[in-house]
*Asks:* 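This structure is in structure tokens; I'll ask about it shortly.
Source: prediction; values computed, not measured. Just so it is clear, the values below take in all heavy atoms, side chains as well, and ignore hydrogens, waters and symmetry mates. Proteins come first, then strands; the chains are lettered A, B, ... in the order of their sequence lines, and each starts at number 1.
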Amino acid sequence: MPPQLCTHCKTARAQILRPKNHSRLCAACFTSVFESEVAATITSTALFHPGERIAIGASGGKDSCVLASVLKTLNDRYKWGLDLVLLSVDEGITGYRDHSLDAVRRNAKELDLPLHIVSYEELYGWSMDQVVAQIGKKGNCTYCGVFRRQALDRGAARLGVRHVVTGHNADDVAETVLMNLLRGDLMRLGRATGIVTSTPAAAVDGLKDADGDDGAGAGGEVGITNVKRSKPLMYAYEKEIVLYAHHKKLDYFSTECIYSPEAFRGSARTLIKNLERIRPESILDVVRSGIEMARLVPEADGGCRGACGAKGAKKEVIQPDDEDEGNGGCGTGNGRGSGGEMAEMERKLLMDERAEEMGTETEIQPRPVQNGVGADGVKGRQEATPAPHPASTTIVPVRPKKKDGAPRAAVALPGKQTLGRCERCGYLSSQAVCKACVLLEGLNKSRPRTAIAVDASHG
Amino acid sequence: MPGRRGQADPAKAHLCRRCQENEPAVTVRTEPLCRNCFINYIHTKVVKRVGGYKFAVCHSTAQRTFLLPLSLGASSLTLLHILDGYLKGQIERTGRTGFALHVLHIDTSSASPHAPTDPGSLLSKIQDRYPAHTYSSIPLSDILSDPSVADLISAYLSSAPPTTPTSTLTTLLSALPSPTSRADVLQALQTKLLISFAVRHNLSAVLLGHSTTTLAERVLAETAKGRGGSLPFVVADGEGNAEGNGGVPFYYPMRDLLRKEIVAHAALAVPPLTGLCVAGTGTGTGKEREREVPVSMKNSTIDGLMVQYFEGVEREYPSIVANVVRTAGKLVGEGAGEKAVRCALCGMVVALGEDLHGQGVVEGEGEEGTGRLCHGCKRSLPKAV
Ligand SMILES: [Zn+2]
Ligand SMILES: [Zn+2]
Ligand SMILES: [Zn+2]
Ligand SMILES: [Zn+2]
């Protein structure tokens with residue numbers, strides 16, 4: 001039998017079997033098809049505007065390395081005029097991050113892009129090694145994720161960049177979809193498949209600092225709450241990213257994070273790996289399902305469901321004090337976590353069930369919606385009662401309480417919480433104090449350290 | 001759930017949590033129960049659910065008949081067992097029943113190597129034990145007399161049209177690209193046959209033995225097959241899913257039970273149900289398996305993977321199983337409207353013109369009316385090359 005030919009150029013020998021559609025391509029056609037698909041993702045979603053400054057969240061791993069390489073290539077090829085910079089976070093994980101940062105440095109040189117590094121140590125006063133020494137290995141991914149989420153924003157703000165792109169791929173997104181189904185997190189399910197995962201605070205009416213600052217400081221400086229995130233590789237298979245890196249001879253750091261992922265994520269990851277083995281197309285099918293489900297999440301448009309009409313409305317969502325999900329550094333670790341999170345949820349669900357039966361349901365009320373929430377779901381708060389939150393607020397839906405009254409009750413709309421700013425550090429938060437500050441408080445209790453360094457641009 | 005906890009007598013701590021008289025036979029969601037209390041728990045869960053259905057109450061008008069599909073696994077048999085008792089109770093109290101049952105077994109033995117062997121003898125034993133109902137058994141190939149299915153298949157098997165329904169079915173299944181596709185198409189055809197049987201025999205609803213575990217499996221399986229938009233219909237109970245089922249509502253009266261509870265009940269029922277259904281061997285705890293899911297299936301199909309996955313979750317975190325179903329149930333189904341194009345195989349609304357950004361696959365492009373498939377069905381039944 002003659003060697004199979006590339007279905008694209010029909011001349012070269014096929015070397016690559018694409019998981020998403022079984023087509024066979026030669027290496028040259030594969031890299032060019034891969035690039036044009038990423039370009040199509042970017043143009044069809046109008047992800048960038050000409051001249052935009054983009055920080056590429058660079059971990060040194062394959063995903064962000066390929067993202068940087070592809071963006072650089074496309075920017076040159078299509079003359080998009082993007083101002084690209086690499087932004088790395090140094091979590092302070094010895095034996096992992098120091099090596100991966102070397103890879104980022106080599107990438108920066110190779111691609112001729114400027115590189116900026118911000119460290120947990122300088123931002124929070126704690127490196128991950130120190131966190132682990134303090135709390136042990138269980139649950140440290142939470143710290144890592146929450147800290148990284150802010151660190152990229154803070155780093156971007158320092159650089160005056162309003163848009164950070166991350167290397168999340170289709171496998172990551174599919175994993176997040178399944179994970180949120182498993183842990184019953186409807187709001188995150190609604191956000192999982194948006195290509196833009198957060199929106200600048202300024203885009204939301206009413207979310208302004210007390211002094212009327214929209215998050216951007218004077219003189220065009222960018223506030224930490226004014227940085228949007230997107231994931232241009234969200235339709236690209238992890239396998240193809242590895243292949244692309246291989247054929248382009250990219251230099252990346254391949255050791256995975258030594259800390260194990262949270263139990264629900266670990267469980268979802270195992271499922272995704274098995275699904276891919278059984279039917280490779282299913283990774284993108286899960287992503288597709290996630291997109292369909294996102295449209296069905298009640299109130300997922302932040303109150304504008306139906307009103308604003310646009311299908312694409314869903315990509316403009318807020319992600320308050322979230323953790324950074326499954327990419328770069330921590331969260332890429334393999335295997336299952338301790339299972340503690342699943343056991344904890346099991347206990348909680350069982351308690352809810354018991355309470356319901358006993359007829360003494362101790363309803364945990366969603367945090368009361370504070371003052372006039374208009375039909376548009378966005379309204380400033382009149383300070384009628386002393387509120388824990390000093391800043392003006394925007395109403396955004398948050399995860400629903402897992403308490404559903406009678407079984408199969410009518411659709412329970414997710415509770416709403418108010419989104420404002422952390423009173424300690426100014427970061428977007430649905431609570432008075434953001435997750436990072438809460439985690440830091442716990443850490444600092446036993447060993448007092450410095451507080452979060454507040455940006456000069458945001459004072 | 002067993003109730004009446006309260007002031008437990010320490011001397012009785014080892015006894016059934018509910019009656020505090022008998023030795024526990026089984027542990028239900030961390031509570032040890034005796035055989036009687038466990039059986040009571042199972043029946044109560046189902047009867048409570050059935051009692052909530054409007055149709056269950058006696059009407060003065062003509063009695064309605066419902067379709068009860070019997071797979072010969074523990075779940076559907078348990079449903080028959082409980083409903084049989086429920087209807088007997090209605091007769092005792094009121095002299096009449098709120099509804100009647102038409103029990104149907106679809107024989108898949110020609111299409112699936114995993115189908116029960118000798119369904120006939122099991123069926124006659126079941127009929128002997130529950131004689132008050134109408135029974136039918138039909139081969140899956142009967143679905144080929146449905147013109148829309150015949151069209152679909154002849155389009156797929158364009159080259160060599162087989163002669164008999166049975167051979168058409170086997171040819172079709174063997175031509176499908178993977179075990180997942182075979183299992184998926186097999187399931188879709190069975191559902192189609194249930195609907196057409198119900199319509200033909202004027203049966204106004206279908207009562208299925210799905211446990212909450214089954215529904216959770218389906219939630220993740222349909223997600224993995226690219227049918228996320230159909231989840232509100234997958235987990236809806238009764239009228240809420242009729243739209244996708246040709247107007248025939250599917251009810252799941254056992255949806256408040258876990259599979260392992262149903263399996264445990266089959267062994268503890270008096271007399272046991274285990275001799276009347278297909279006893280799965282499965283993994284680990286052996287008899288705690290409702291149905292035979294061969295290891296090869298578990299490793300090679302999406303449905304099998306989800307069965308295996310939830311077997312583990314059910315063992316360690318049973319409330320999470322129910323929570324997956326509850327979560328999917330909070331999604332709000334989009335009203336399809338009259339003009340919606342429905343998938344010729346699964347009946348779900350086909351999303352036209354949908355594209356994953358930059359992926360170059362646009363649904364519904366260049367396809368003609370009748371043979372239109374949804375994304376998930378197209379994956380299982382791709383155009384023959
Ligand atoms: Zn080629
Ligand atoms: Zn804070
Ligand atoms: Zn008892
Ligand atoms: Zn379909």
*Asks:* Show the numbers, then the answer: is there a side-chain contact (heavy atoms from CB on, under 4.5 Å) between B:Asn241 and B:Tyr252?
*Replies:* CA-CA 11 Å; B:Asn241 59 42; B:Tyr252 306 108; 3.9 Å; yes
*Asks:* With a 4.5 angstrom heavy-atom cut-off, is it the side chain or the backbone of B:Ile320 that approaches chain A, or both, or neither?
*Replies:* both
*Asks:* Main chain of B:Tyr53, side chain of B:Tyr251: is a donor-acceptor contact present, judged purely on distance under 3.5 Å?
*Replies:* no
*Asks:* Would you call A:Ile278 and B:Leu305 a side-chain contact if the rule is heavy atoms closer than 4.5 Å?
*Replies:* yes
*Asks:* By a 4.5 Å heavy-atom criterion (distance strictly below it), what part of A:Ile272 contacts chain B: side chain, backbone, both, or neither?
*Replies:* neither
*Asks:* Quick one: which of B:Ala322, B:Ala328, B:Gly226, B:Ser178 has the most heavy-atom pairs under 4.5 Å with chain A, could you say?
*Replies:* B:Gly226
*Asks:* Report yes or no: does B:Ser230 contribute a side-chain atom to a donor-acceptor pair with the main-chain N or O of B:Phe233 at less than 3.5 Å?
*Replies:* no
*Asks:* Can you classify the ring geometry of A:Phe34 versus A:Phe30 as parallel (below 30°), tilted (30 to 60°) or perpendicular (above 60°)?
*Replies:* tilted
*Asks:* Identify which part of B:Ser380 has an atom lying under 4.5 Å from any heavy atom of chain A, answering side chain, backbone, both or neither.
*Replies:* both
*Asks:* Heavy-atom distances under 4.5 Å only: say whether B:Pro177 touches chain A with side chain, backbone, both or neither.
*Replies:* neither
